[in-house]
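Naming convention: chains lettered A, B, ... in sequence-line order (proteins, then strands); numbering from 1 in each chain. Small disclaimer: the values here were computed from a predicted structure and weren't measured.
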There are 2 protein chains.
Amino acid sequence: MGATKTDHFTESQNELAVLAKALGHPARIAIMEYLLKVDACICGDIVNELPLSQPTVSQHLKELKNAGLIKGSIEGNSICYCINEPGLEKIKGFFQHISDHLAKKRSECC
Amino acid sequence: MGATKTDHFTESQNELAVLAKALGHPARIAIMEYLLKVDACICGDIVNELPLSQPTVSQHLKELKNAGLIKGSIEGNSICYCINEPGLEKIKGFFQHISDHLAKKRSECC
DNA sequence: TATTTATATTGCAATATTACGATAATAATT
DNA sequence: AATTATTATCGTAATATTGCAATATAAATA
């Protein structure tokens, strides 16, 4: 055991879980916030912003990229990272949906 | 190693990471969706809805509760679970914030 | 072409997560 | 009081994640 039973859940559920999981680490939240703060593509000084080694940061960036939350394009000998909107909209939509639903039904529960 | 360096990040970053991590499993997404679908407190048939054993589901419910995404109150000999709005609003706010910010700056990036 | 700069990959140790059988705990019912 | 129903906890095996040193890769520059 130890492996998630992904094939027992819907594609949508797995997809949302992948997105949420990618954000389930403070370093990756910090990366997203930093990319947002600088208001543009940022070419690699993310390592200086975080209290983690270069290989570790690189790994976190890879996970965010795999999940579709950021994208990186080669820019000379450095890499330009920025937020990938479609991925973000997908997970935002999930919370919006829940929130809208709750607004209608608030009184019935607990 | 293997332990997250939580003390190197802000409280807000850690808090968001905890919420996102709690949703980083398809079973826990499925639980949230189910609680939403039934429109009310649900007394324990979550186990029947999921392709997982009772102890495993109980563990997932505990994680969602610890993260503040659901709440459970004792109702006779069963337990009434439902979505905890404040936790949900917190993580929704994070995505809303990013989304709003991106809407303004879209043209500058990538 | 050698060197520097920037990022990725590999390998490994420490720790965390996932899943479930067995069992415990609690309250309702008989 | 014994039984049943419902949920939680313990113990444990399998797998995943986290973090970093060492190393590799790739592009710019001297």
Side-chain angles (χ1 to χ4, degrees), chain A residues 1-9 13-14 17-31 34-35 38 41-67 69-82 110, chain B residues 1-9 13-14 17-31 34-35 41-67 69-82:
Chain A
M1 274 120 232
T4 298
K5 288 184 158 185
T6 43
D7 46 321
H8 291 78
F9 299 97
Q13 286 165 345
N14 283 312
V18 164
L19 287 165
K21 192 174 191 176
L23 290 168
H25 192 290
R28 297 195 289 266
I29 294 283
I31 290 170
Y34 183 65
L35 289 179
V38 295
C41 284
I42 200 66
C43 299
D45 43 359
I46 301 174
V47 172
N48 302 319
E49 284 288 310
L50 297 188
L52 296 169
S53 74
Q54 181 271 320
T56 303
V57 171
S58 181
Q59 192 179 277
H60 283 308
L61 286 166
K62 189 179 172 184
E63 277 175 69
L64 285 170
K65 198 160 68 177
N66 286 343
L69 285 164
I70 65 173
K71 52 189 170 180
S73 50
I74 297 165
E75 193 94 358
N77 69 336
S78 63
I79 292 187
C80 174
Y81 280 112
C82 61
C110 299
Chain B
M1 275 120 234
T4 298
K5 290 184 157 185
T6 43
D7 46 321
H8 292 78
F9 299 97
Q13 286 166 346
N14 283 312
V18 164
L19 286 165
K21 192 174 189 175
L23 290 168
H25 192 291
R28 297 195 288 266
I29 294 283
I31 289 170
Y34 184 65
L35 288 179
C41 284
I42 200 67
C43 299
D45 43 1
I46 301 174
V47 172
N48 301 320
E49 282 289 309
L50 297 188
L52 296 169
S53 73
Q54 181 270 321
T56 303
V57 172
S58 180
Q59 193 177 275
H60 283 308
L61 287 166
K62 189 180 173 184
E63 278 174 67
L64 285 171
K65 199 161 66 178
N66 286 343
L69 285 164
I70 65 173
K71 54 190 171 179
S73 51
I74 297 167
E75 193 95 359
N77 68 339
S78 63
I79 293 187
C80 174
Y81 280 112
C82 61

- Which heavy-atom pair separates B/Leu61 from B/Ile70 by the least distance, and what is that distance? O-CD1, 3.6 Å

- If you look at every strand shown and take non-hydrogen atoms under 4.0 Å, does B/Glu75 touch a base, only sugar-phosphate, or nothing? nothing

- Please give, in whole Å, the distance from D/dA8 C1' to B/Ile46 CD1? 14 Å

- Message: Measure CG/A/Asn77 against C1'/D/dA27 and give the value in whole Å, please.
- Response: 5 Å

- Query: So, is B/His60 near the phosphate of C/dT17, with a side-chain N or O under 4.0 Å from OP1 or OP2?
  - Reply: no

- Task: Locate the shortest heavy-atom distance separating B/Ala22 from B/Ala67; write the atom from each residue and the value.
- Result: CB-CB, 3.5 Å

- Take atom CD1 of A/Ile31 and atom P of C/dT7, then tell me their distance rounded to the nearest Å. 13 Å

- Task: Check whether any side-chain heavy atom of B/Asn14 sits under 4.5 Å from a side-chain heavy atom of B/Asp7, and report yes or no.
- Result: no

Table of protein N/O atoms under 3.5 Å from nucleotides 8-12 of chain C N/O atoms:
from	atom 1	to	atom 2	distance (Å)
C/dA8	OP1	A/Tyr81	OH	2.6
C/dA8	OP2	A/Ser58	OG	3.0
C/dA8	N7	A/Gln54	NE2	2.7
C/dA8	N6	A/Gln54	OE1	2.9

- A/Asp7 CG to C/dT18 P, in whole Å, measures 16 Å

- Is the shortest side-chain N/O distance from A/Lys5 to OP1 or OP2 of C/dC20 below 4.0 Å? yes

- Mind telling me whether A/His25 and A/His60 have parallel, tilted or perpendicular rings, with 30° and 60° as the class edges? tilted

- Message: Without decimals, in angstroms, what is the distance between B/Asp45 CG and D/dT7 P?
- Response: 8 Å

- Could you tell me which non-hydrogen atom of B/Gly72 sits nearest to which non-hydrogen atom of B/Lys65, and how far apart they are? N-CD, 3.9 Å

- Message: As an exercise, state the distance from CZ of A/Arg28 to CG of A/Leu50, rounded to the nearest 0.5 Å.
- Response: 11.5 Å

- For B/Ile74, which contact category applies under a 4.0 Å heavy-atom criterion: base, sugar-phosphate, or nothing? nothing

- Output the single nucleotide from D/dT6, D/dA28, D/dA16 whose closest atom is nearest the side chain of A/Ala3. D/dA16

